[in-house]
J.: 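I have a structure I would like to understand better, so I am pasting it below and will then ask my questions one at a time.
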Amino acid sequence: MLAPRLARFAAVARLEHITRAAEELGVPQPTLSRAIARLEAELGVALLRREGRAVRLTRAGRLLLDSAERALAELERGAQAARAEADPETGRVAFGFLHTLGTDVVPALLRGFRAEHPRVRFQLVQDYSASMQDRMRAGELDLCLVSPIPADPDLTARPLDEQVLHLAVPADHRLAGRRRIRLAEVAEEPFVAVAPGYGLRAISDEFCAEAGFTPRIAFEGEDAETLRGLVAVGFGVALLPPGLVPRPGVVDLTVTAPRTRRVIGLAWLSGRPLTAPAAAFRDYALSRRGRLLDHG
């Protein structure tokens with residue numbers, strides 16, 4: 001309630017005339033006079049001294065005016081920043097995505113969108129699904145690419161594509177000469193995997209359970225390429241999305257049972273309107289349904 005009164009007070013102080021200030025602000029003079037009187041009553045000090053039709057600042061008024069002008073200028077800067085954030089052509093999108101999608105999928109998605117909206121800015125965040133969902137709820141992210149698809153009622157999520165998960169084995173592994181295997185064939189093997197809490201870990205554990213075993217985890221990490229490195233030196237096998245380039249020492253096998261695929265989807269907070277640039281990016285991403293992984 002203080003900000004509009006300070007703006008009216010600053011206008012009167014600058015013009016040193018209530019009538020002219022009222023005309024500039026587009027309010028009736030009695031309304032402006034009452035607003036100044038209420039401000040003085042709330043502060044318990046006189047801010048203006050009447051001299052005929054003009055007004056002069058008291059010492060307390062001069063002290064308040066200096067702070068009021070700085071505060072109003074800061075508010076205006078904040079308002080300009082907020083407007084710029086939502087500008088459909090130059091605004092900013094806070095976009096989160098899984099680490100495993102950062103090498104090729106996300107760059108291709110951004111390239112396609114920026115061909116149509118070249119001046120939209122992005123704040124990019126790589127994180128695991130649960131953390132990104134919390135950050136959307138906190139207002140830190142507008143949208144995120146997740147897997148598995150969340151079922152939380154406060155989130156809206158749409159599937160975009162399916163990604164095959166291969167079983168990565170060392171090049172000298174007993175199964176490396178095969179092209180296809182059943183996941184149960186490695187039930188006794190040590191696994192390397194992302195840490196609990198990551199969507200890929202939950203999905204991998206579910207596939208192993210479907211195959212009839214609980215994986216024996218030898219090493220845990222956060223990055224798929226690090227896990228590939230561990231596979232290459234023989235620390236275990238891993239269910240991983242395809243690498244961008246072949247990794248020396250690693251062979252990817254197709255799993256025929258169960259069907260090791262993960263659904264990748266786009267999520268945003270239900271009931272909170274997206275800014276114009278975020279809505280445009282959401283619509284573009286949804287238009288890529290079934291083709292999200294086509295980034296050649």
J.: Looking only at atom types and distance, does a side-chain atom of H166 sit under 3.5 Å from a main-chain N or O of A168, one as donor and one as acceptor?
T.: no

J.: Does the side chain of V45 reach to within under 4.5 Å of the side chain of T58, using non-hydrogen atoms?
T.: no

J.: Should the heavy atoms of other residues, nucleotides or ligands under 6.0 Å from CZ of R50 be counted, would the total exceed 12?
T.: yes

J.: To the nearest 0.5 Å, how far apart are CZ in F122 and CZ in F113?
T.: 5.0 Å

J.: What I'd like to find out is whether the side chain of D142 reaches to under 4.5 Å of the side chain of R282, using heavy atoms alone.
T.: no

J.: Side chain to side chain contact (heavy atoms under 4.5 Å, CB included) between L143 and L274: does it pass, once the steps are laid out?
T.: CA-CA 9 Å; L143 305 150; L274 293 171; 4.0 Å; yes

J.: Show the nearest heavy-atom pair for residues S33 and I18, with the distance to one decimal.
T.: OG-CG2, 3.6 Å

J.: Taking the side chain as everything from C-beta on, heavy atoms only, tell me whether V231 gets closer than 4.5 Å to H173.
T.: no

J.: Just checking E188: does its CD atom have more than 12 heavy atoms from other residues, nucleotides or ligands closer to it than 6.0 angstrom?
T.: no

J.: Compare all side-chain heavy atoms of T256 with those of I181 and state whether any distance is below 4.5 angstrom.
T.: no

J.: If Ile, Leu, Val, Met, Phe, Trp and Tyr residues are connected whenever their side-chain heavy atoms lie under 4.5 Å apart, and connections chain through other members, are L160 and V164 in the same group?
T.: no

J.: Rounded to the nearest 0.5 Å, how far apart are OG of S204 and CD1 of I217?
T.: 8.0 Å

J.: Kindly work out whether a path of hydrophobic side-chain contacts (I/L/V/M/F/W/Y, heavy atoms less than 4.5 Å apart) joins L175 to L227.
T.: yes

J.: Group every Ile, Leu, Val, Met, Phe, Trp and Tyr by side-chain heavy-atom contacts under 4.5 Å, then state whether L293 and L200 land in the same group.
T.: no

J.: Compare every heavy atom of L72 with every heavy atom of A10, then report the nearest pair and how far apart it is.
T.: CB-CD1, 4.0 Å

J.: Determine the interplanar angle of the Y284 and F281 rings, folded into 0 to 90°, and report it as parallel if under 30°, tilted if 30 to 60°, perpendicular if over 60°.
T.: parallel

J.: Could you go through I36 and F9, starting from their C-alpha distance and side-chain angles, then the distance that decides it, and tell me whether this counts as side chain to side chain contact (heavy atoms under 4.5 Å, CB included)?
T.: CA-CA 6 Å; I36 299 299; F9 163 70; 3.9 Å; yes

J.: Transitively linked via ILVMFWY side-chain contacts under 4.5 Å: I264 with L286?
T.: yes

J.: Which pair of heavy atoms, one from A176 and one from L253, lies closest together, and at what distance?
T.: O-CD2, 4.3 Å

J.: Taking all non-hydrogen atoms of both residues into account, name the closest pair between M136 and A267 and its distance.
T.: SD-O, 3.4 Å

J.: When rounded to the nearest 0.5 angstrom, what is the spacing between CZ in F97 and SG in C144?
T.: 11.0 Å

J.: How long is the gap from CG on L155 to CE on M132, to the nearest 0.5 Å?
T.: 11.0 Å

J.: Under a 4.0 Å N-O cut-off, is there an ion pair linking E189 with R174?
T.: yes

J.: Please check if the side chain of T90 supplies one atom and the backbone of R119 the other of a donor-acceptor pair under 3.5 Å.
T.: no

J.: Taking atom CZ as the centre, does R38 end up with more than 12 heavy-atom neighbours from other residues, nucleotides or ligands that are less than 6.0 angstrom away?
T.: yes

J.: Give a yes or no on whether a salt bridge exists between R62 and D66, defined as a side-chain N under 4.0 angstrom from a carboxylate O.
T.: no

J.: With a 4.5 Å heavy-atom cut-off, do V251 and R178 have their side chains touching?
T.: no

J.: Is there a side-chain contact between L165 and F207 in this structure, where contact means two heavy atoms from C-beta onward sitting under 4.5 Å apart?
T.: yes

J.: Is the number of heavy atoms from other residues, nucleotides or ligands under 6.0 Å of R272 CZ greater than 12?
T.: yes

J.: Once rounded to the nearest 0.5 Å, what's the spacing between atom CG of D152 and atom CZ of R137?
T.: 5.0 Å

J.: Which atoms form the tightest heavy-atom contact between A130 and G197, and what is the distance?
T.: CB-O, 4.4 Å

J.: Work out which heavy atom in L240 is nearest to a heavy atom in A224; give both atom names and the distance.
T.: CD1-O, 4.1 Å

J.: Once you round to the nearest 0.5 Å, how far does CD of E16 lie from CG of L48?
T.: 9.5 Å

J.: Taking the side chain as every heavy atom from C-beta outward, state whether P196 and E220 have any atom pair closer than 4.5 Å.
T.: yes

J.: Taking 4.0 angstrom as the limit, do E23 and R20 come out as a salt bridge?
T.: no

J.: Hey, does the side chain of R180 reach the backbone of T254 with a donor-acceptor pair shorter than 3.5 angstrom?
T.: no

J.: What I'd like to find out is whether the side chain of L65 reaches to under 4.5 Å of the side chain of R14, using heavy atoms alone.
T.: no

J.: What verdict does the side chain to side chain contact (heavy atoms under 4.5 Å, CB included) test give for R92 and T275, after you've listed the backbone C-alpha separation in whole Å, the side-chain angles of each residue and the deciding distance to 0.1 Å?
T.: CA-CA 9 Å; R92 183 182 67 105; T275 62; over 6 Å; no

J.: May I have the step-by-step check of side chain to side chain contact (heavy atoms under 4.5 Å, CB included) for L266 and L145, ending in yes or no?
T.: CA-CA 5 Å; L266 185 71; L145 281 179; 4.0 Å; yes

J.: Please test R262 against T100 for side-chain hydrogen bond (donor to acceptor under 3.5 Å, both in side chains), starting from the C-alpha separation and ending with a verdict.
T.: CA-CA 12 Å; R262 66 170 178 173; T100 51; 2.7 Å; yes

J.: Decide whether V105 and V93 are clustered together by the hydrophobic rule: side chain heavy atoms of Ile, Leu, Val, Met, Phe, Trp, Tyr closer than 4.5 Å, transitively.
T.: yes

J.: Can you establish whether the number of heavy atoms outside E162 located under 6.0 Å from its atom CD is more than 12?
T.: yes

